[in-house]
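We name chains A, B, ... by the order of the sequence lines, and we start the count at 1 in each one.
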Amino acid sequence: MLYRSFIHLPRVGEARERALWEQGVLSWAHLLAARRLRGFSPEELSLFRRILLRCLDRFHDPHFWIRCLPRRHLWRLMPHFSGTTVYLDIETTGLSFKESHITVVGLYDGQKYQAFVRGQNLEEVPKILPRYQQIITFGGSRFDLPFLKVCFPEIRLPPLHHDLYYLFRRLGLRGGLKRIEVELGLVRPQEIARLDGLAAVRLWFRARLGDQKALETLLAYNQADVINLVTLAQIAWQRLWDQLDTPWGQP
DNA sequence: CATGGGTGAAGTCGACGGGT
DNA sequence: ACCCGTCGACTTCACCCATG
């Protein structure tokens, strides 16, 4: 996908990127080889070539792409950094950054789910997160990530963040995580299907009183939230891709 | 319940390609 | 060498709403 993108070139937006695609320039290689193109002066093309060579140099540098790509198109990077992605969802004792605190941080790297629990291993989170280049959340830009920064002021987060909440909103799917899951036909294990965030708060307090089963349920709930993010991210990416309506169809 | 980032529309500006 | 139209970038602003 990335090597088919031209939106990061200067004075190229959606319209001119499409103009390139429509005259058969479907990848950087095509552009690098092109002599003349309608709507682009030779001077502009040679500028583009210089930039694309630099893009090849920095191909795996997320900071570079975050600077180059317009915010609105950062989603294109998702599969590009899939090998170094972490999915994240937290549980807290409430909504207020001041009054509440984190109880569980759930991470999934595509292979393994890990829970970090307050009073056990929560302080490991700042050591783990910087290992990844890309982080995917649902509503994380307003909730999970600010909360983490309050809890761990020094924390270094992965440079690239995709908030599925906003991506789905753009796709016309409004509503919370659970609602969107239902809409897309994703299922949860029976025993946690009816839980929500408030239930998670109650489970935490029961766990603190020594109810071991409550902690297990809380972690199962968090795990379902986190792992569903993988499917949701794939769907969001696919739909955003479809929306581009490229001349050649599938990625 | 507290919280605050993202969206999208509208408007403006200015760069640039291309036709004359 | 010039002008025009197109298009991208940027700013402003009201509005929205899911998170535990």
Side-chain angles (χ1 to χ4, degrees), chain A residues 5-20 22-23 34 36-48 51 67-75 87-106 115 117-118 122 135-151 157 161-183 192 194-208 214-215 217-219 221-226 228-229 232 236 240 243:
Chain A
S5 289
F6 300 103
I7 195 101
H8 56 295
L9 297 172
R11 299 202 39 73
V12 174
E14 289 173 25
R16 297 181 87 211
E17 180 179 59
R18 165 148 318 217
L20 284 170
E22 274 164 7
Q23 50 191 304
R36 280 235 47 170
L37 291 171
R38 194 162 25 83
F40 300 85
S41 68
E43 293 75 26
E44 200 176 24
L45 287 182
S46 85
L47 173 65
F48 288 176
I51 295 176
R67 277 203 313 277
C68 288
L69 279 173
R71 203 187 245 287
R72 204 179 156 72
H73 293 278
L74 285 180
W75 62 269
Y87 301 81
L88 172 142
D89 184 56
I90 69 171
E91 312 299 329
T92 71
T93 56
L95 296 169
S96 162
F97 298 158
K98 295 194 207 97
E99 317 289 331
S100 320
H101 56 256
I102 296 178
T103 59
V104 178
V105 173
V117 181
R118 184 179 188 82
L122 188 60
I135 184 168
I136 295 181
T137 65
F138 190 97
S141 25
R142 282 181 308 177
F143 189 76
D144 303 64
L145 300 191
F147 235 117
L148 275 172
K149 284 179 196 153
V150 171
C151 187
L157 296 169
H161 173 218
H162 304 286
D163 189 331
L164 299 180
Y165 168 71
Y166 292 111
L167 295 182
F168 276 113
R169 227 161 93 91
R170 255 162 48 194
L171 289 164
L173 271 177
R174 288 153 186 273
L177 182 63
K178 313 290 180 289
R179 163 129 191 253
I180 289 178
E181 281 180 12
V182 170
E183 200 134 339
I192 54 168
R194 304 185 63 86
L195 298 181
D196 60 9
L198 198 54
V201 176
R202 290 195 278 262
L203 284 169
W204 172 253
F205 285 114
R206 276 172 52 197
R208 293 216 69 171
L215 182 60
T217 309
L218 177 59
L219 295 185
Y221 167 74
N222 178 260
Q223 177 170 9
D225 270 3
V226 180
N228 274 348
L229 292 181
L232 290 173
L240 287 161
Q243 227 175 38

Dump the pairs, protein N or O against N or O of nucleotides 10-16 of chain B, anything under 3.5 Å, distances to one decimal.
from, atom 1, to, atom 2, distance (Å)
B/dA15, N3, A/Arg11, NH2, 3.3

Polar atom pairs between nucleotides 1-3 of chain C and protein, under 3.5 Å, N or O only, would you list them?
none

So which protein N/O to nucleotides 6-8 of chain B N/O distances come out below 3.5 Å?
from, atom 1, to, atom 2, distance (Å)
B/dG6, O4', A/Tyr166, OH, 3.4
B/dT7, OP1, A/Arg170, NH1, 3.3
B/dG8, OP2, A/Arg72, NH1, 2.9

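Within residues 89-105 of chain A, the residues that place at least one heavy atom under 4.0 Å from DNA chain C are, in residue-number order, A/Asp89, A/Ile90, A/Glu91, A/Thr92, A/Gly94, A/Leu95.
The side chain to side chain contact (heavy atoms under 4.5 Å, CB included) test applied to A/Ala19 returns no partner, not counting sequence neighbours. Partners of A/Ala214 according to the side chain to side chain contact (heavy atoms under 4.5 Å, CB included) rule, which considers only residues two or more places apart in sequence or in another chain, are A/Leu203, A/Arg206, A/Ala207, A/Asp211. Under the rule for a side chain to side chain contact (heavy atoms under 4.5 Å, CB included), the partners of A/Asp225 that lie at least two apart in sequence or sit in another chain are A/Asp89, A/Glu91, A/Leu177, A/Lys178, A/Arg188, A/Tyr221. Not counting sequence neighbours, the partners of A/Ser5 by the side chain to side chain donor-acceptor pair (under 3.5 Å) test are A/Arg76. With sequence neighbours excluded, the residues satisfying side chain to side chain donor-acceptor pair (under 3.5 Å) with A/Thr137 are A/His161. Considering only residues two or more places apart in sequence or on other chains, A/Arg142 meets the side chain to side chain donor-acceptor pair (under 3.5 Å) condition with A/Tyr166.
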Give every donor-acceptor pair under 3.5 Å between a side-chain atom in residues 37-48 of chain A and any protein atom, sequence neighbours left out.
from, atom 1, to, atom 2, distance (Å)
A/Ser41, OG, A/Glu43, OE1, 3.4
A/Ser41, OG, A/Glu44, N, 3.1
A/Glu44, OE1, A/Arg16, NH2, 2.9
A/Glu44, OE2, A/Arg16, NH1, 3.1
A/Glu44, OE2, A/Arg16, NH2, 3.2
A/Ser46, OG, A/Glu43, O, 3.2

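Residue whose closest nucleotide on DNA chain B sits further toward the 5' end, between A/Pro42 and A/Pro146: A/Pro146.
Contact annotation: A/Arg36 does not reach the phosphate of B/dG17 (side-chain N/O to OP1 or OP2, under 4.0 Å).
Base engagement by A/Gly197 is indicated by at least one non-hydrogen atom pair under 4.0 Å involving a base atom. In this structure, A/Phe147 reaches neither bases nor backbone, as no heavy-atom distance under 4.0 Å exists between it and the strands shown.
An end-to-end axis angle of 40° holds for the helix from B/dC1-C/dG20 to B/dT20-C/dA1, taken from five base pairs per end and rounded to 10°.
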